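Keep in mind the model is a prediction, meaning the values are calculated, not measured. Every chain is numbered from 1 and lettered A, B, ... according to where its sequence line falls, protein lines coming before strand lines.
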Amino acid sequence: MEENLVIVESPAKAKTIEKFLGKNYLVKSSYGHIRDLSKKNLGIDIQNNFEPQYEISEDKQVVVKELKKLSKDAKCIWLASDEDREGEAIAWHLSEVLELSKEKTKRIVFHEITKEAITNAIKKPRSIDLNLVEAQQARRLLDRIVGFELSPLLWKKVKPSLSAGRVQSVAVRVIVEREREIIAFQSSYSFKVVGTFLIKNKENETVELKAELSTKFATKEEARKFLEICKGADFKVSDIVKKPAKKSPSAPFTTSTLQQEASRKLGFSVSQTMVIAQRLYEEGKITYMRTDSVNLSDLALNLAKTEIISEFGEKYSQTRKYKTKSKGAQEAHEAIRPAYLDKKTITGNDAEKKLYDLIYKRTIASQMSDAELERTQVTIDISNSNHTFQASGEVIKFDGFLRVYSESTDDEKEESPKIIPPLKVNQVLDLDNIKATQKFATHPPRYTEASLVRRLEELGIGRPSTYAPIISTIQQRGYVLKDNRDGIERSYSNLVLKNQKITEETKKEITGQEKSKLFPTDIGMLVNDYLVGKFQSIMDFNFTATVEKSFDEIAEGKMTWSNMLDDFYKKFHPLVEKFMNVNEYADGKRVLGKDPQTGKTILVRIGRFGPIVQIGEATEEGDEKPKYASLRKEQHIETITLEQALELFKLPREIGEYESSKVVASIGRFGPYLLHNKKFYTLKKGVDDPYTIELPRAIEVIDEKRDADKNKIIKEFSEDSGLLILNGRYGPYISYNKLNYKIPKASVPANISFKECMEIIESSPEKKPSRGFSRGKTTNSPKANTYKAKGSSAKPKSETTQKTKTEKPKTSSTKKTSSKTTGTKKAVASKVKKK
DNA sequence: CAGTGAGCGAGCTTCCGCTTGACTT
């Protein structure tokens, strides 16, 4: 039995601290919060002064039980959770749940995991700060009230299973508003003029000097006029200005800056970065990865200094302390840095090495000297014009931190600074050519995951531990889609003056290309507009900042938590009640115009399965049912035109009969197809067009596919038509009722018997049936429970009450996973038995 | 892997912040 029990939040932290503290201390972890509001209902007794109903979470039962037992035996319990609102609350919940007496409980905090920091903390214990705990509670309850009152409103007025919340709804708003800016953006252009001059350098070689004209021209005519003037002109250097400049390194990484840089430099998604960083942390290679602090421990500062001096010399070292500037930072940890600064590289997979390298360089660079530069600005006069050319260049005099690391920017087309060849004032320059290029203004950029994180951090919304989950939530709800766009070709013109002759050329460029950008969906825009219109204060970008001020006052003892909540609730709840009872549904309906053929109204709206156009309304005169058509993937309620809508009704198109069944052409989720006798035949892009294809060609397509399918089947079974051995993209496989199974390497595909197939199916790992129907991508969900498809796909519960002997390779100890997934497995197994 | 736009209508969905596994291809 140990005398001292120390409880921290993370098991990896526990391991390190235990080493520092020695034998008399047992260090355990709570794995974050151990209690939360009841999930079944609101979890708050509003009438009873907002009394919270806390429950020990299902997955924390085991930990709590263990901690309870250990704390009974220990003489002293040290609660060492983080020194911030959440950490204080964790400590308090622990003391409540473990029924710790005041006498044997001590609260300690440290901001860095070093031996010194921890032994110092042990010397200065305090008691739990109840004000801070109440501030956390207010935060928790407010979030619950907002989330659990707004979401049901959306279920009723928009669509089931939607969600809203203080953080996620504002995140969606950021993206929706950017999209609207882009939609409203009017592309304009101007002509940028660049002169190329030929200059002899010291070695007497001819080098080019490019200089840009100080003005841009609005029209081609103006640009041409200018070039005409230049025809006989002289070009003379009128001014050379040299200025020293400095560049300083960026601060060490926080969660958000790490996510941004890993995205720009390594192309990692936000969640990828976090998964890799977690692994590095668990292996003791970096410090904690969820932090908003830029602070480095003295130990780290000293190590960095030693390392820099031995590697680059004294001149390169400059010890710096950084201050956090982001809103609402709580600074419970250090910045993200290598645990051991003398380790330049690590073992691990490629991604781990790359991320570590990034962290290592950023940390080291942050402790290095400024880079010293010399910027040169050259002005070139034109003999018969008042315009001037400007050339600027940059020379690095001393590289300083740039030797190790330079931060990337989101701006893709940044030109690297040029070196200016030696020039003298009044020197006359030899003109090679002048080029006037048509440049189009670009719309504001769409957000990437990482730039959204940066924006949220600026707004003080969300915390390091939630940035990645926020991004996956708004995608899972279907508010936002991470997507690529091909871009379209656009032509632009160039005027070139060379050898006293002006020529015009038309060139092509691809514009509007997007990769892994966040696009709002129709439902995202709809929900956003609904909430912005009705709950302005919560949807305000400053809402979080405002309530944070109140939480701070609660933490300082200047405000009572329940009063704060009461004030909020009194204003908020009646609004929810009002809109709940008003008979109005939000379907984003927009009238496009009249159908030229029937004169009926054409409108777009959100339907059960996504956005649709329809001709006629149920309420309109006439007895016919409205005609419907789904919008295509890249069309939106907000932007579709009447012409585009009419186009949609041309499909599905009946093109004739074959083998006494109808042949129909249309476009589905995966592009154009033919439907014949309940079978689908894909129409290849660029080969066949569903709008124009005729019967003879359609028959060809069908026959071709049949031929291919014949070769696909290796073996059929008379015992069960649902069972097939097929030849697929990756070689032969077994298909049984639409689920696929691997064939063991030893067997010959054509010789496998029915019995053997069934054995393979039964012994293979569980399958999730692929689901259909939703128009968006099937979510790439990190959480398993998002796979509960509604309505369609597998129906595990209803038909699988009978028990079957399904051997699982591992005896699963965790209840949760088995109950969740065995349903589908049993469904397969029970069907086997019936036969 | 793909069409639908209704239907009886029970019972379900949901928040933000702390943490780590448990799965699968």
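Applying the side chain to side chain donor-acceptor pair (under 3.5 Å) rule to Arg173(A) yields the partners Glu177(A); only residues at least two apart in sequence or on another chain are considered. Taking the ring pair (Phe, Tyr, Trp, His ring centres under 6.0 Å) definition, one finds that Phe543(A) meets it with nothing, sequence neighbours left out. When the ring pair (Phe, Tyr, Trp, His ring centres under 6.0 Å) test is applied to Phe50(A), the partners found at least two apart in sequence or on another chain are Tyr569(A). Qualifying side chain to side chain donor-acceptor pair (under 3.5 Å) partners for Asp129(A), counting only residues two or more places apart in sequence or in other chains: none. For Ser57(A), the side chain to side chain donor-acceptor pair (under 3.5 Å) test picks out no residue, with sequence neighbours left out. Remark: Glu9(A) pairs with no residue by the side chain to side chain donor-acceptor pair (under 3.5 Å) rule, at least two apart or across chains. By the ring pair (Phe, Tyr, Trp, His ring centres under 6.0 Å) test, Tyr479(A) pairs with no residue at all, sequence neighbours left out.
Ring geometry, Phe535(A) versus Phe572(A): the interplanar angle falls from 30° to 60°, so the pair is classed tilted. Between Tyr288(A) and Tyr281(A), the ring planes lie perpendicular to each other; the angle is over 60°, past the 30° to 60° tilted range. Using cut-offs of 30° and 60° on the angle between ring planes, the pair Tyr673(A) and Phe680(A) is perpendicular.
Residue contacts shown for Ala164(A) are limited to sugar-phosphate atoms, with no base heavy atom under 4.0 Å away. Looking at heavy-atom distances under 4.0 Å, Gly32(A) makes contact with a base. Nucleic acid contact for Arg166(A): sugar-phosphate only, since backbone atoms but no base atoms lie under 4.0 Å from a heavy atom of the residue. Among the heavy atoms of the strands, none lies under 4.0 Å from Ser29(A). Looking at heavy-atom distances under 4.0 Å, Ile470(A) makes no contact with the nucleic acid at all. Backbone-only contact: Gln168(A) has heavy atoms under 4.0 Å from sugar-phosphate atoms and none from a base. Counting non-hydrogen atoms under 4.0 angstrom, Tyr467(A) reaches nothing in the nucleic acid. Among the atoms of the strands shown, none is found under 4.0 Å from any heavy atom of Pro652(A). Counting non-hydrogen atoms under 4.0 angstrom, Val146(A) reaches nothing in the nucleic acid. Among the heavy atoms of the strands lying under 4.0 Å from Gly462(A) are primed sugar atoms or P, OP1, OP2 only; no base atom is included.
Here dC18(B) is the nucleotide among dG3(B), dC18(B), dC15(B) with the atom lying nearest to any side-chain atom of Glu9(A). In the set dT19(B), dG3(B), dT14(B), dG3(B) carries the atom at the smallest distance from any side-chain atom of Phe680(A). Listed nucleotides: dG17(B), dT20(B), dT19(B). Nearest to the side chain of Lys60(A): dT19(B). The listed nucleotides are dC15(B), dT20(B), dC18(B); the one nearest the side chain of Ser465(A) is dC18(B). Among the nucleotides dT14(B), dA2(B), dC15(B), the one closest to the side chain of Thr682(A) is dA2(B).
Within the 4.0 Å cut-off from OP1 or OP2 of dT20(B), at least one side-chain nitrogen or oxygen of Gln278(A) is found. When the side-chain nitrogen and oxygen atoms of Arg144(A) are compared with OP1 and OP2 of dG17(B), none of them lie within a distance under 4.0 Å. Checking the phosphate oxygens (OP1, OP2) of dG17(B), a side-chain nitrogen or oxygen of Thr466(A) falls inside 4.0 Å. Between Tyr681(A) and dA2(B) there is no side-chain polar atom (N or O) within less than 4.0 angstrom of OP1 or OP2. Neither OP1 nor OP2 of dG3(B) sits under 4.0 Å from any side-chain N or O of Ser666(A). Of the side-chain N and O atoms in Arg290(A), one or more sit less than 4.0 angstrom from OP1 or OP2 of dT20(B). Checking the phosphate oxygens (OP1, OP2) of dC18(B), no side-chain nitrogen or oxygen of Arg140(A) falls inside 4.0 Å. For the OP1/OP2 pair of dC15(B) and a distance below 4.0 Å, the side-chain nitrogens and oxygens of Arg477(A) include at least one atom meeting the criterion. For Ser10(A) and dT20(B), the shortest distance from a side-chain N or O to OP1 or OP2 is below 4.0 Å.
Computed from coordinates, the Met274(A) CE to dC18(B) P distance equals 12 Å when rounded to whole Å. Spacing between atom OH of Tyr288(A) and atom C1' of dT19(B) amounts to 6 Å, rounded to whole angstrom units. The separation between Asp292(A) atom CG and dG17(B) atom C1' is 13 Å, rounded to whole Å. If you take CZ of Phe572(A) and P of dC15(B), they are 14 Å apart, rounded to a whole angstrom. Atom CD in Gln136(A) sits roughly 13 Å away from atom P in dT19(B) (whole-Å rounding). Protein atom NZ of Lys662(A) is 17 Å distant from nucleotide atom P of dG3(B), rounded to whole Å. Atom CD1 in Ile461(A) sits about 15 Å away from atom C1' in dG17(B), given to the nearest Å. Taking atom CD1 of residue Ile44(A) and atom P of nucleotide dC15(B), one finds them 15 Å apart after rounding to whole Å.
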Secondary structure string for DNA chain B (Watson-Crick or G-U under 3.5 angstrom, | for other-strand pairs): .........................
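Residue Trp155(A) and nucleotide dT14(B) are not classified as a stacked aromatic pair, given the requirement of ring centres less than 5.5 Å apart at an interplanar angle below 30°.
Of the residues near DNA chain B, Ile90(A) and Ser163(A), the one whose nearest nucleotide (by heavy atom distance) lies more toward the 5' end is Ser163(A). Mapped onto DNA chain B by nearest heavy atom, Pro469(A) and Ser151(A) fall at different nucleotides, with Ser151(A) at the one closer to the 5' end.
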What protein N or O atoms touch nucleotides 6-10 of chain B N or O atoms at under 3.5 angstrom, if any, and at what distances?
residue	atom	partner	partner atom	Å
dA6(B)	OP1	Tyr628(A)	OH	2.9
dA6(B)	N1	Arg608(A)	NH2	3.1

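The closest side-chain heavy-atom distance from His676(A) to Lys705(A) is not below 4.5 Å.
In Lys65(A), the NZ atom is not crowded: 12 or fewer heavy atoms of neighbouring residues, nucleotides or ligands sit closer than 6.0 Å.
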